[in-house]
K.L.:
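What follows is a single structure, and I will ask about it in a moment.
The structure presented is a predicted model; accordingly, all values stated were derived computationally and were not measured.
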Amino acid sequence: MPGIAPKLPLQLDKTDGYRLTKTIKETVQQNLKMIVLTSPGERVMDPAFGVGLRNYLFRNIDEGLYGDISARIRTQVKKYLSFIRIEEIMFEGPDGTFRTDDSFLGIHVTYTILPTDDVNTLAINLTETIY
């Protein structure tokens with residue numbers, strides 16, 4: 001089966017040469033993950049690209065932090081992935097519960113791919129992603 005895009009991180013595959021994303025749903029999820037994890041200034045030729053979730057790791061938790069992150073994700077999605085709609089952004093605390101009032105170790109972004117009406121959730125655990 002032909003692929004749509006290289007699956008990241010790049011890995012060799014005996015069938016395709018490199019592992020490839022095979023569905024639109026998988027490709028959109030990978031692209032959204034890249035937006036959330038890429039820090040502004042990291043992308044060549046587009047310094048405004050990315051949310052830079054890692055940049056928020058050691059900031060003090062206050063009532064505006066979660067709103068800042070959520071707004072940044074929504075702005076980036078509107079600009080770079082305008083064919084998806086963000087339904088919900090939830091922050092996961094160290095004990096695995098979702099909250100907006102304590103430190104977080106993960107984020108869950110629920111979104112709809114508008115042309116197909118597919119609903120999916122991108123879950124990023126920062127302790128696994130960063131180290």
Side-chain angles (χ1 to χ4, degrees):
M1 176 178 185
I4 297 172
K7 190 179 274 192
L8 299 173
L10 292 176
Q11 293 180 347
L12 290 176
D13 179 55
K14 291 180 182 179
T15 306
D16 298 319
Y18 285 101
R19 286 184 10 193
L20 301 172
T21 58
K22 305 286 185 173
T23 65
I24 296 294
K25 193 173 183 178
E26 186 180 18
T27 304
V28 169
Q29 181 152 6
Q30 178 174 283
N31 290 342
L32 180 58
K33 183 177 182 179
M34 291 302 110
I35 285 176
V36 172
L37 293 179
T38 301
S39 292
E42 277 187 307
R43 185 137 195 194
V44 177
M45 304 294 286
D46 193 353
F49 180 87
V51 172
L53 191 58
R54 282 173 258 160
N55 298 338
Y56 295 95
L57 273 179
F58 297 103
R59 297 218 0 226
N60 289 329
I61 303 295
D62 62 18
E63 57 191 54
L65 180 65
Y66 295 112
D68 291 347
I69 296 170
S70 295
R72 182 83 179 150
I73 290 171
R74 291 178 191 282
T75 301
Q76 289 288 301
V77 165
K78 187 174 183 179
K79 181 175 182 179
Y80 294 102
L81 296 174
S82 59
F83 55 90
I84 71 172
R85 179 180 59 235
I86 300 295
E87 303 295 342
E88 184 176 39
I89 299 172
M90 296 177 65
F91 299 92
E92 184 177 0
D95 59 358
T97 59
F98 293 104
R99 58 183 58 166
T100 59
D101 61 351
D102 203 349
S103 61
F104 70 94
L105 295 175
I107 188 168
H108 292 240
V109 180
T110 304
Y111 60 93
T112 301
I113 303 171
L114 296 175
T116 61
D117 282 333
D118 283 333
V119 177
N120 201 8
T121 299
L122 170 67
I124 298 175
N125 183 328
L126 291 176
T127 55
E128 294 172 4
T129 304
I130 293 179
Y131 303 108

K.L.:
First locate atom CG of Asn31, then atom CG of Leu122, and finally report the distance between them rounded to the nearest 0.5 Å.
P.N.:
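Reported to 0.5 Å precision, the distance equals 11.0 Å.
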K.L.:
Enter the distance from Arg85:CZ to Arg74:CZ here, rounded to the nearest 0.5 Å.
P.N.:
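Here the interatomic distance stands at 11.0 Å.
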K.L.:
Tell me if a side-chain donor or acceptor on Gln76 pairs with a main-chain N or O of Ala48 at a distance below 3.5 Å.
P.N.:
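Such a contact is found between Gln76 side chain and Ala48 backbone.
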K.L.:
Apply side-chain contact (heavy atoms from CB on, under 4.5 Å) to the pair Asp13 and Tyr18, showing each step before the final yes or no.
P.N.:
CA-CA 5 Å; Asp13 179 55; Tyr18 285 101; 5.7 Å; no
K.L.:
Which value, rounded to the nearest 0.5 Å, describes the distance between Ile4 atom CD1 and Ile24 atom CD1?
P.N.:
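With rounding to 0.5 Å, CD1 (Ile4) is 4.0 Å from CD1 (Ile24).
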K.L.:
Evaluate side-chain contact (heavy atoms from CB on, under 4.5 Å) for Tyr80 paired with Asp46, printing each intermediate quantity in order.
P.N.:
CA-CA 11 Å; Tyr80 294 102; Asp46 193 353; 2.7 Å; yes
K.L.:
Are the side chain of Thr23 and the backbone of Glu26 linked by a donor-acceptor contact shorter than 3.5 Å?
P.N.:
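Such a contact is found between Thr23 side chain and Glu26 backbone.
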K.L.:
Considering all heavy atoms of both residues, which atom of Ser39 and which atom of Glu42 are nearest to each other, and what is their separation?
P.N.:
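Nearest pair, atom of Ser39 first, then Glu42: N-OE1, 2.6 Å.
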K.L.:
Give a yes or no answer on whether the side chain of Gln30 reaches the backbone of Leu8 with a donor-acceptor pair at less than 3.5 Å.
P.N.:
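Looks like yes, one N/O pair under 3.5 Å.
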K.L.:
If you compare all heavy atoms of Phe49 against all heavy atoms of Arg43, which two are closest, and at what distance to 0.1 Å?
P.N.:
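Distance-wise, the nearest heavy atoms are CZ-NH1, 2.9 Å.
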K.L.:
Which heavy atom in Ser82 sits nearest to a heavy atom in Leu114, and how many Å separate them?
P.N.:
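So the minimum-distance heavy-atom pair works out to O-CD1, 4.2 Å.
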K.L.:
With the 4.5 Å side-chain cut-off for hydrophobic clustering, are Ile84 and Met34 part of the same group?
P.N.:
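Unlinked, Ile84 and Met34 end up in two clusters.
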K.L.:
For a 4.5 angstrom cut-off between non-hydrogen side-chain atoms, does Pro40 reach Asn55?
P.N.:
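Touching, per the 4.5 Å side-chain cut-off.
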K.L.:
Hey, could you give me the CD1/CD distance between Ile113 and Gln29, rounded to the nearest 0.5 Å?
P.N.:
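Going from the CD1 atom of Ile113 to the CD atom of Gln29 covers 8.5 Å.
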K.L.:
If every non-hydrogen atom of Val36 is compared with every non-hydrogen atom of Val51, which pair is closest and at what distance?
P.N.:
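Smallest heavy-atom distance, with atoms named: O-CB, 3.6 Å.
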K.L.:
Would you compute the distance between atom CE of Met90 and atom OG1 of Thr110 and round it to the nearest 0.5 angstrom?
P.N.:
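It is 7.5 Å, given to the nearest 0.5 Å.
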K.L.:
Under the side-chain contact (heavy atoms from CB on, under 4.5 Å) rule, what do Val77 and Val109 come out as? Steps first, then yes or no, please.
P.N.:
CA-CA 11 Å; Val77 165; Val109 180; over 6 Å; no
K.L.:
With rounding to the nearest 0.5 angstrom, report the NZ to CG distance, Lys22 to Asp16.
P.N.:
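Answer for the NZ-CG pair, Lys22 versus Asp16, is 3.5 Å.
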K.L.:
Can you give me the closest heavy-atom contact between Thr27 and Ala5, atom names plus distance?
P.N.:
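It is CG2-CB, 4.4 Å.
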K.L.:
Whether the side chain of Arg54 engages the backbone of Leu37 through a donor-acceptor N/O pair (distance < 3.5 Å, no angle test) should be reported.
P.N.:
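Looks like yes, one N/O pair under 3.5 Å.
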K.L.:
Should Asn120 and Leu32 count as side-chain neighbours, where that means a heavy-atom distance under 4.5 Å?
P.N.:
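Not touching, per the 4.5 Å side-chain cut-off.
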K.L.:
Using side-chain contact (heavy atoms from CB on, under 4.5 Å), reason through Val28 and Phe83 one step at a time and then give a plain yes or no.
P.N.:
CA-CA 10 Å; Val28 169; Phe83 55 90; 3.5 Å; yes
K.L.:
Could you tell me whether a side-chain N or O of Arg19 sits under 3.5 Å from a main-chain N or O of Pro9, the two making a donor and an acceptor?
P.N.:
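No; zero donor-acceptor contacts below 3.5 Å.
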